[in-house]
Amino acid sequence: MSVDVTRNTFNNLALVAFDLADRCQYVTTRGTNVIRHLAGKYFQSEKKNHWLERKFLPTLPLPPLSQSIKNIIEVAERVLPKEEFRQFTVDCKKLPAQAYDLQASLWFATKTRECWNEELWQIGAYNSNRAPLRESSHWLGFDRKPDGVEDYSSFANPECVRGGIMLRELFKYKEKLIKGESEVDLVSRFKGLRIDAATCPKMFSVRHPGKRIDTYTENVRNSHVIVEAYGHHYELSLVDDSGNLRGAESLASELIAIKVDAKSKEKVEHPVSVLTTDKRDTWFKNREMLLKSEINQSSFATVESALMIIHLDEEGAWSNRAESALRAYNQRTGAWDDLTLNVRVQENTAQLVSICGHGNQDATAGAPTVETIYKNEEAAKQCFNPELVQDDECQIKPLAFEVQNESLGFDLTGEIQALIDAGINPDLKAEELVYTAFTKEKCKKAKLNPDSVVQQAFQLAWVMSFGPENGHHGVESYEAISKRAFRKGRTEQAHPFSRDSELFVISMTSGDDFSIEGQAVYLKGACKALSKQKREVLLDQGKGHDRHLFSLYVLSKYFERDIPALETYVNKIFRYKLSTSYLPQAFGAGGAFLPTEKDGIGIFYPIADADEMRFLVTSHLDRKIVEPFMDNLKASLDQINALLDHIIESQKKELL
């Protein structure tokens, strides 16, 4: 008995001591990060010929466990039924004692690694995911036709002409990055985006699926790409025998030759690349079987050492971004997901496509690449010969795969065949709303953050469409936000649904119970609360609790322990019917963000343009459900527009 008492006393003292150390470490780190963040801002503002070096960035601080528990209890109260919430609060009281050693492991990682949650987030969110990469909530970025570039209708093979120009410009851009010669003001809307020689390898890399975590091979020094056409794969070198970059006409000629050769063959409906979209562990097993063939070994080595995949699309240009999202997500060919960069070449709209789950290569890193190409594309096109014809001397190198060799034990009629036939997202729908009544400038005149204003419109539109959620006027939402203010920081999530947002929605949906003055006050309160929350996550504090608790959950599984509070968090709270992502870039303003749940909605909303805002809504729901939501979203924006006018007029009167 005395031994047990002594052990319990020691455990309690250890828990108190660690909690105290945890809080002290957080406070001191936070203070240090304020100074480092300000210093980083200074160096970033200096006009140097490189992006801000990573060493100037502060490391991501580990939030105190008590802080994350407090945050998640607030969320749980809105999400869980009353009885489950009561049990969750009981479980949370036990969590510090159950997880203090896991918290200590994370704390130790802050001393030994540049980012304490990087690997854990990858293990849990990417490789042990409950669905294939494209089924998960992720950002798919693609460019759009720039205003300064006219169409390619004067060329006999316009998609190949633009493809040749894009490949040449991409290679030149890569070489500049390696030499540290990229322009400091390259990304007009992303002053904090660090694209330099250190980041360059991530843009040109390949993932090798593993049992615990994917490994990456950097292909930045290689000089060939893989061209997929009609299900067939080809190798295309971007340099000549002397190692010099080939001209755009030469590259376009070879693309034309590939297109002609592929069309002369029987179309492959389901190429090997489709298997890379499956679950990582499933793809790992299938890949190991395929690699038993010497032909497959050679072909895989060629593909996985390429800079990127370029896909020749035969169906012409996409008419709008909604169609782009559908085509990109539902596409079954040409998408080799192991490569971080895909290029889809169409008649007038060749598109850079980054497919990611906020992983090794965030889609937003494609923004400077798109801007670079657009700046030089028109000049390159002017030097191009409109009468371009096929070059008879092109050396075409088709690749072969033995996917039906019975000795591999690979049965296309089983689970894999079902996956291929079903498609990635066969029921995915996309709708687009272009809104012009107000833009970000009016929000700024009202002294409100544009992103925060738009998030209130989402909350209002949801309640107008579906009613209160669990008795609350709003829906728990996932908003992806960047953590690039921290070294190796990627994404965290904000929580737009709060008590302040709920008060705003109530004021807008309660008939004549609230005056326009009262509604304006609640709008300002909701926007300021969300902006404050984001500052706490993004700048000096790193207060986001979602990645923190998820990392603890992954560690608990690694040590084969079931911790009730973490189990409830991941399985019942870490679910969001509304998933959103905002990207303030001027170029390449296409993209989509899938819903995290089958009965949810995903919204991507670039609001960089001065004269419009765009909202791309994706869902698996019936159109009879989605279309009213789109109508209510417009109605919500209209109502907020009136409130912004009222706020601006009130500010003018105050000045008088």
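Values below: every heavy atom of this structure, side chains too, minus hydrogens, waters and symmetry copies.
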Exercise. Any side-chain donor-acceptor pair under 3.5 Å between N117 and S551?
Worked result: no
Problem set entry | Gap between atom CG of L106 and atom CH2 of W116 - 0.5 Å precision | 6.0 Å
Exercise. Quick one: CH2 on W462 to CG on N632, what's the gap to the nearest 0.5 Å?
Worked result: 12.0 Å
Problem set entry | Verdict with supporting geometry, Q67 and H548, side-chain hydrogen bond (donor to acceptor under 3.5 Å, both in side chains) | CA-CA 10 Å; Q67 177 69 56; H548 180 200; over 6 Å; no
Exercise. Is the closest side-chain heavy-atom distance between H646 and S650 below 4.5 Å?
Worked result: yes
For this session: Mind listing the closest non-hydrogen atom pair of K524 and I647 along with its distance?
Result: CG-CD1, 3.8 Å
Exercise. What's the shortest heavy-atom distance between E502 and G471, and which atoms?
Worked result: OE2-O, 4.4 Å
Problem set entry | Partners meeting side-chain contact (heavy atoms from CB on, under 4.5 Å) with S507 (sequence neighbours left out) | F504, F514, Q519, Y522
Exercise. Between E597 and R575, is there a side-chain N and carboxylate O pair less than 4.0 Å apart?
Worked result: yes
Exercise. Do F615 and E431 have side chains that get closer than 4.5 Å, going by heavy atoms?
Worked result: no
Exercise. Got a sec, which residues hit side-chain contact (heavy atoms from CB on, under 4.5 Å) with N641, two or more places apart in sequence or on another chain?
Worked result: Y435, A437, F438, K442, D645
For this session: Keeping the roles fixed (side chain from S477, backbone from V475), state whether a donor-acceptor pair exists under 3.5 Å.
Result: yes
For this session: For S531, check side-chain contact (heavy atoms from CB on, under 4.5 Å) against everything at least two apart and list the hits.
Result: N449, S452, R535
Exercise. Of the non-hydrogen atoms in D500 and A529, which two are nearest, and what is the gap between them?
Worked result: OD2-CB, 3.5 Å
For this session: Please confirm whether the backbone N or O of S498 pairs with a side-chain atom of R78, one donor and one acceptor, at under 3.5 Å?
Result: no
Problem set entry | CA sep, side-chain torsions, deciding dist, call: D546, Y569, side-chain hydrogen bond (donor to acceptor under 3.5 Å, both in side chains) | CA-CA 9 Å; D546 295 279; Y569 165 69; 3.2 Å; yes
For this session: Check side-chain contact (heavy atoms from CB on, under 4.5 Å) between E649 and all other residues, then give those that pass, not counting sequence neighbours.
Result: K652
Seminar exercise, completed: Quick note, salt bridge (Lys or Arg N to Asp or Glu O under 4.0 Å) partners involving residues 85-100, not counting sequence neighbours, are E83-R86
For this session: Would you indicate whether the side-chain heavy atoms of S636 and M508 approach each other to under 4.5 Å?
Result: no
Seminar exercise, completed: Closest heavy-atom pair, M464 versus A635, reported as atoms and distance to 0.1 Å, is CE-CB, 4.1 Å
Exercise. Are the side chain of Q651 and the backbone N or O of A446 linked by a donor-acceptor pair below 3.5 Å?
Worked result: yes
Exercise. Where do I601 and T580 land on the side-chain contact (heavy atoms from CB on, under 4.5 Å) test, with the steps shown first?
Worked result: CA-CA 8 Å; I601 285 176; T580 67; over 6 Å; no
Exercise. Nearest 0.5 Å, what's the NZ-CG distance between K528 and L523?
Worked result: 10.0 Å
Seminar exercise, completed: Interatomic distance, CD@E114 vs CG@L60, rounded to 0.5 Å, equals 12.0 Å
Exercise. When you check the gap from the basic side-chain N to the acidic O, do E612 and R614 get nearer than 4.0 Å?
Worked result: yes
Exercise. So, do S619 and F629 sit near enough that their side-chain heavy atoms are less than 4.5 Å apart?
Worked result: no
Exercise. Is there a donor-acceptor pair closer than 3.5 Å between any side-chain N or O of K598 and the backbone N or O of H620?
Worked result: no
Seminar exercise, completed: For P628 and S465, the nearest pair of non-hydrogen atoms, with its separation, is O-OG, 4.0 Å
For this session: Please work out which of the three classes, parallel, tilted or perpendicular, describes the rings of F458 and Y605, given edges at 30° and 60°.
Result: perpendicular
Exercise. So which heavy atom on S581 is nearest to which on F593, and how close?
Worked result: CB-CD1, 3.5 Å
For this session: Carefully, step by step, assess V617 and K429 under the rule side-chain contact (heavy atoms from CB on, under 4.5 Å).
Result: CA-CA 8 Å; V617 176; K429 304 169 186 66; over 6 Å; no
For this session: List in chain and number order the residues that pass ring-ring contact (aromatic ring centres under 6.0 Å, His included) with H545, two or more places apart in sequence or in another chain; answer none if no residue qualifies.
Result: H495
Exercise. Given the rule in the side-chain contact (heavy atoms from CB on, under 4.5 Å) test, do Q456 and Q639 qualify, once you have shown the distances and angles that lead to the verdict?
Worked result: CA-CA 11 Å; Q456 308 316 313; Q639 292 180 48; over 6 Å; no
Exercise. Using 4.0 Å as the upper bound for N to carboxylate O, is an ion pair formed by K572 and E84?
Worked result: yes
Exercise. Under a 4.5 Å cut-off applied to non-hydrogen side-chain atoms, are E567 and I563 in contact?
Worked result: no
Exercise. Angle class for the Y576/Y478 ring planes (parallel below 30°, perpendicular above 60°, tilted otherwise)?
Worked result: tilted
For this session: Check whether any side-chain N or O of S510 sits under 3.5 Å from a backbone N or O of D513 as a donor-acceptor pair, and report yes or no.
Result: no
Seminar exercise, completed: When rounded to the nearest 0.5 Å, the distance separating CG of L95 from CD1 of I72 is 11.0 Å
Exercise. So do the side chains of L65 and L552 get within less than 4.5 Å of each other, counting heavy atoms only?
Worked result: yes
Exercise. If we only count heavy atoms from C-beta on, is the Y100 to P96 side-chain gap below 4.5 Å?
Worked result: no
Problem set entry | Distance, nearest 0.5 Å, that separates CG of L637 from CG of L433 | 6.5 Å
For this session: Apply side-chain contact (heavy atoms from CB on, under 4.5 Å) to the pair D599 and K577, showing each step before the final yes or no.
Result: CA-CA 7 Å; D599 59 346; K577 289 188 177 181; 3.4 Å; yes
For this session: May I ask you to test the T568-Q87 pair for a side-chain heavy-atom distance under 4.5 Å?
Result: no
